Amino acid sequence: HVQLVESGGGSAQAGGSMRLSCAAVAHFDSMGWFRQAPGMEREGVAAIDADGSTSYADSVKGRFTISKGYPKNTLYLQMTNLKPEDTAMYYCAVPYQDLSATETLRVMSSGGDFGYYGQGTQVTVST
């Protein structure tokens, strides 16, 4: 069983910053973050692979940074210049197989069963 526990969500004003963390039960080469707002489809936000390569959704490029921290079983998402449209539940995810960052981002947005994910952490951005 792959256990992923997200933390760090909360409320922020537009233009603010927030860092999400994900504690994983083990080390995974391919990991990512996706988000889902009520009534909206799942959106892959950021992904990282074994080589440390990263991939981002166009909507967050230049504002969000994904990284793996130490201990290595931790995944982060640094979010800056937050916008109200960033409001959503954010989930840490691991695909069923090791993928490139680009592929991980794609499958997270595919709408299908792509891998494991946690319970999520809510991010709310107000104007």
Side-chain angles (χ1 to χ4, degrees):
H1 176 67
V2 175
Q3 185 175 12
L4 301 166
V5 180
E6 302 93 340
S7 61
S11 298
Q13 288 192 319
S17 299
M18 192 179 294
R19 188 175 81 158
L20 305 183
S21 299
C22 171
V25 66
H27 171 74
F28 298 99
D29 286 332
S30 303
M31 300 187 77
W33 292 93
F34 70 88
R35 66 187 180 187
Q36 189 162 25
M40 302 293 287
E41 292 186 352
R42 191 174 69 205
E43 178 188 18
V45 173
I48 189 167
D49 63 23
D51 296 331
S53 296
T54 58
S55 186
Y56 298 93
D58 289 342
S59 58
V60 305
K61 278 181 182 176
R63 300 189 299 120
F64 290 11
T65 303
I66 187 171
S67 62
K68 291 180 179 178
Y70 291 88
K72 289 185 178 180
N73 297 349
T74 306
L75 183 71
Y76 299 106
L77 184 67
Q78 179 68 48
M79 306 184 294
T80 63
N81 191 21
L82 285 164
K83 303 177 180 181
E85 49 264 43
D86 294 322
T87 295
M89 187 73 82
Y90 284 70
Y91 299 86
C92 171
V94 173
Y96 288 133
Q97 56 186 344
D98 287 337
L99 301 172
S100 68
T102 301
E103 274 300 294
T104 298
L105 191 70
R106 186 188 67 78
V107 299
M108 289 192 294
S109 299
S110 67
D113 180 18
F114 72 95
Y116 307 97
Y117 51 93
Q119 294 297 308
T121 186
Q122 177 68 38
V123 172
T124 303
V125 183
S126 58
T127 56

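Worth saying up front: this structure is predicted, and the values here are computed from it rather than measured. Below, all heavy atoms of this structure are taken into account, side chains as well, without hydrogens, waters or symmetry copies.
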Can you see which heavy atom on Q122 is nearest to which on M89, and at what distance? N-SD, 3.4 Å
Would Y90 and E6 count as a side chain to side chain contact (heavy atoms under 4.5 Å, CB included) here? Give the steps. CA-CA 8 Å; Y90 284 70; E6 302 93 340; over 6 Å; no
Distance alone, cut at 3.5 Å: any donor-acceptor contact between the side chains of S30 and E103? no
Of L105, I48, V60, which meets side chain to side chain contact (heavy atoms under 4.5 Å, CB included) against I66? I48
Are M108 and V94 connected in the hydrophobic side-chain network, where two residues link if heavy atoms are under 4.5 Å apart? no
Is there a donor-acceptor pair under 3.5 Å between the side chain of D51 and the backbone N or O of S53? no
R42 vs Y91, side chain to side chain contact (heavy atoms under 4.5 Å, CB included): CA-CA, chis, key distance, verdict: CA-CA 10 Å; R42 191 174 69 205; Y91 299 86; over 6 Å; no
Can you tell if the side chain of R35 reaches within under 4.5 Å of the side chain of M40, non-hydrogen atoms only? no
Tell me the disulfide bond (SG atoms under 2.5 Å apart) pairs involving residues 94-127, sequence neighbours left out? none
Within a 6.0 Å radius of atom OH on Y117, are there more than 12 heavy atoms belonging to other residues, nucleotides or ligands? no
Side-chain donor or acceptor of T80 paired with backbone N/O of S17 under 3.5 Å: no
Under 4.0 Å between a side-chain nitrogen and a carboxylate oxygen: does that hold for K83 and D86? no
Between NZ on residue K68 and CZ on residue F28, distance to nearest 0.5 Å: 10.0 Å
Answer yes if V2 and L20 sit in the same cluster of Ile, Leu, Val, Met, Phe, Trp and Tyr residues linked by side chain heavy atoms under 4.5 Å apart, and no otherwise. yes
Nearest heavy-atom pair of F64 and M79: which atoms, and what distance? CE1-CB, 3.5 Å
Y76 and G69: which non-hydrogen atoms are nearest, and at how many Å? CE1-CA, 3.4 Å
I'd like to know if V123 and F34 are part of one continuous hydrophobic network [Ile/Leu/Val/Met/Phe/Trp/Tyr, side-chain heavy atoms within less than 4.5 Å]. no
Heavy atoms only: give me the nearest A47-A101 pair and the separation to one decimal. CB-O, 3.4 Å
Should L99 and L75 be counted in the same cluster of Ile, Leu, Val, Met, Phe, Trp and Tyr side chains packed under 4.5 Å apart? no
Check the pair L4, M31 against side chain to side chain contact (heavy atoms under 4.5 Å, CB included), reporting the backbone distance first and the verdict last. CA-CA 11 Å; L4 301 166; M31 300 187 77; 4.2 Å; yes
Between Q13 and L82, does a side chain to side chain contact (heavy atoms under 4.5 Å, CB included) hold up when you go through it step by step? CA-CA 7 Å; Q13 288 192 319; L82 285 164; over 6 Å; no
To the closest 0.5 Å, what do you measure between CG (L77) and OG (S21)? 9.5 Å
Please report whether the ring centroid of Y96 lies less than 6.0 Å from that of Y116. yes
Please report the shortest heavy-atom distance between T127 and P84, naming the atom on each side. CG2-CG, 3.5 Å
Pairs flagged by disulfide bond (SG atoms under 2.5 Å apart) wherever residues 14-46 is involved - sequence neighbours left out: C22-C92
Heavy-atom closest pair, residues A88 and A37: CB-N, 3.9 Å
When rounded to the nearest 0.5 angstrom, what is the spacing between CD in Q3 and CD in Q119? 9.5 Å
